[in-house]
Number of protein chains: 2
Amino acid sequence: MLSQRRKDMASQTEENYLKALYSLSVGKIEVNISELSAALNVSNPTVNSMVKNLKTKGLVKYEKYKPLSLTEKGRKAAALIVRKHRLTEMFLVEKMGFGWEEVHEIAEQLEHVSSSKLFDRMDELMDFPLVDPHGSPIPDRNGNISESAYEPLSKFSVGRKVKLAALGHSSTEFLKFLNSRELSLGTEIEIKSIEPYDGSMVLSYQNRASETFTQAVCESLLVERVG
Amino acid sequence: MLSQRRKDMASQTEENYLKALYSLSVGKIEVNISELSAALNVSNPTVNSMVKNLKTKGLVKYEKYKPLSLTEKGRKAAALIVRKHRLTEMFLVEKMGFGWEEVHEIAEQLEHVSSSKLFDRMDELMDFPLVDPHGSPIPDRNGNISESAYEPLSKFSVGRKVKLAALGHSSTEFLKFLNSRELSLGTEIEIKSIEPYDGSMVLSYQNRASETFTQAVCESLLVERVG
DNA sequence: AAAATTTGTTAGAAGACTCTAACATATTAG
DNA sequence: CTAATATGTTAGAGTCTTCTAACAAATTTT
């Protein structure tokens, strides 16, 4: 028997649009068609027609030539997909021994599994983690999320001691780069100096007395103050 | 970024056709178009065109108006999907606390995840199980499977002591029925009597001194001799 | 063997998701 | 403010998977 989705459910494709829209909406309300096509690697007309479709399903707000945004229903649907994604990532790392740089691709596929029981069970087995392996918060069963108040390392000054709490993005390349510098979540860091010319920072942490990171990298290292 | 399958890989739909064909091929070589449409709950013309497609991909052998069969390539591809399915079922039961009647639906979706690393990791964490929660053998990484030599309980005579080793099929209803009779894999069973009229059997096992099962049920209980 | 039934095939169409080409509107630069 | 650029829309088409209706071949029944 070919297992087919219940027709009141979003297709995998629709779920991917919602999720992308949700990510792009962080920190702002409205999103361009073009931003969405870039994020999904799909043409503008394709997004245009999908957006019309999602509008008829009450998942997005949209008027011709205007930017779009998620409705409350769409926001919740997206948050629940993100929940599945992040619980999966955490489960793969915590319970199955994967590295934080390996889990995104797998979670991209697993997040579309419909059984919420599977994900609630992961949640339970991990004792209800608050964040995923990259420090991003995990939405609860109702799609509510606690926005983290972490700040980019680049905002701090010399002498400041901080703890790495989350990442601004988690591309495989970035994660491998952090692995190569032995930098992981929870690591305490001290800012030794800042190069005024390009904003790069010299940091000290654990076994590493003096590691230099570009400003771009430091903007993606989200930290909290220590001491 | 919309995650798309590599184009040399079978689509989820194609995978479902291969898997169905594989299941229907157990104990015989050739399969009818109609059997396949019934198994997949899809019309004959749909199967017909998909079979042509799978033929061009070298996965099935087929001539107009003749029955079909898997090529070696198709057989292996199918076995690897079955591997993913059965490892997932076992993992859900062994490592995540699901009941054997809950795991089929979830595994139907998970089996299409492309990462073989995920499934090899499950395999490792379970210490390489040979069978799934319903006693069906798990194909190895090369798609090879050890055909089980278990026989249906219905073939044995009064007085015989056997051990429940596997199930002929594992529909949710059947599994719930077995749960209600406290019958699980590994249980030792003695045949107390057989009703000549309808072939139903009275069995004794564990706490149950005398439970009656229809012939149909006994044909789906695969056992090995004990003592 | 002819008739009835079952099984398989072809043709044509529809829905979901995608594209390119061409056109329309909005925004930015001069 | 007009021109240039960026962004958004429409039209038309293609692939994948599915369907129904109509027909063809094979099998079974009588």
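Residue numbers begin at 1 in each chain, while the letters A, B, ... track the order of the sequences.
Of all the residues in residues 62-69 of chain B, B:Tyr62, B:Lys64, B:Tyr65 reach under 4.0 Å from DNA chain C with at least one non-hydrogen atom. Non-hydrogen atoms lying under 4.0 Å from DNA chain D are contributed by B:Val42, B:Ser43, B:Pro45, B:Thr46, B:Ser49, B:Met50, all within residues 33-52 of chain B. The stretch residues 12-25 of chain A touches DNA chain C through A:Thr13, A:Tyr17, each having a heavy atom within less than 4.0 Å of the strand.
Within the structure, every pair that satisfies the salt bridge (charged side-chain N to carboxylate O under 4.0 Å, His left out) test and touches residues 88-103 of chain B, not counting sequence neighbours, is listed here: A:Lys117-B:Glu102. The side chain to side chain donor-acceptor pair (under 3.5 Å) pairs that include a residue from residues 54-65 of chain A are A:Glu14-A:Lys57, where partners are two or more places apart or lie in different chains. Listed by first and then second residue, the salt bridge (charged side-chain N to carboxylate O under 4.0 Å, His left out) pairs involving residues 16-42 of chain B are B:Lys19-B:Glu108, B:Lys19-B:Glu111, B:Lys28-B:Glu35 (not counting sequence neighbours). Under the ring pair (Phe, Tyr, Trp, His ring centres under 6.0 Å) criterion, the residue pairs touching residues 69-110 of chain A are A:His85-A:His104, with sequence neighbours excluded.
By the salt bridge (charged side-chain N to carboxylate O under 4.0 Å, His left out) test, A:Lys73 pairs with no residue at all, sequence neighbours left out. For the ring pair (Phe, Tyr, Trp, His ring centres under 6.0 Å) test, residues two or more places apart in sequence or in another chain that qualify with A:Phe174 are A:His169.
Taking the screw axis at each terminus of the helix from C:dA1-D:dT30 to C:dG30-D:dC1 from five consecutive base pairs, the angle between the two is 10° to within rounding of 10 degrees.
When DNA chain C is scanned 5' to 3' for any atom under 4.0 Å from a heavy atom of chain A, the first and last hits are C:dC17 to C:dT25.
Residue A:Glu105 holds its CD atom at 8.0 Å from CD of A:Gln109, rounded to the nearest 0.5 Å.
At whole-Å resolution of the value, CG in A:Asn32 and P in D:dT9 are 10 Å apart.
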Would you sort out whether A:Leu92 and B:Arg121 count as a side-chain contact (heavy atoms from CB on, under 4.5 Å), showing the intermediate values? CA-CA 10 Å; A:Leu92 292 171; B:Arg121 198 81 192 83; over 6 Å; no
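Between the side chains of A:Ser200 and A:Asp198, a donor-acceptor pair is found at a separation under 3.5 Å. In this structure, a donor-acceptor pair under 3.5 Å is absent between the side chains of A:Gln12 and A:His112.
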Using a 3.5 Å cut-off and no angle test, enumerate the donor-acceptor pairs between side-chain atoms of residues 136-152 of chain B and protein atoms at least two apart in sequence or in another chain.
from, atom 1, to, atom 2, distance (Å)
B:Asp140, OD1, B:Asn142, N, 2.8
B:Asp140, OD1, B:Gly143, N, 3.1
B:Asp140, OD1, B:Asn144, N, 2.9

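Here the closest non-hydrogen pair linking B:Leu175 and B:Ser170 is CD1-O, 3.5 Å.
Of the possible polar contacts, none joining the A:Ser37 side chain to the A:Val47 backbone as a donor-acceptor pair under 3.5 Å is found.
The pair A:Lys176-A:Glu173 fails the salt-bridge criterion, with no side-chain N (NZ, NE, NH1 or NH2) lying under 4.0 Å from an Asp/Glu carboxylate O.
Geometrically, B:Arg83 does not engage B:Phe119 in a cation-pi contact, judged by NZ or CZ lying under 6.0 Å from the ring centre and within 45° of the ring axis.
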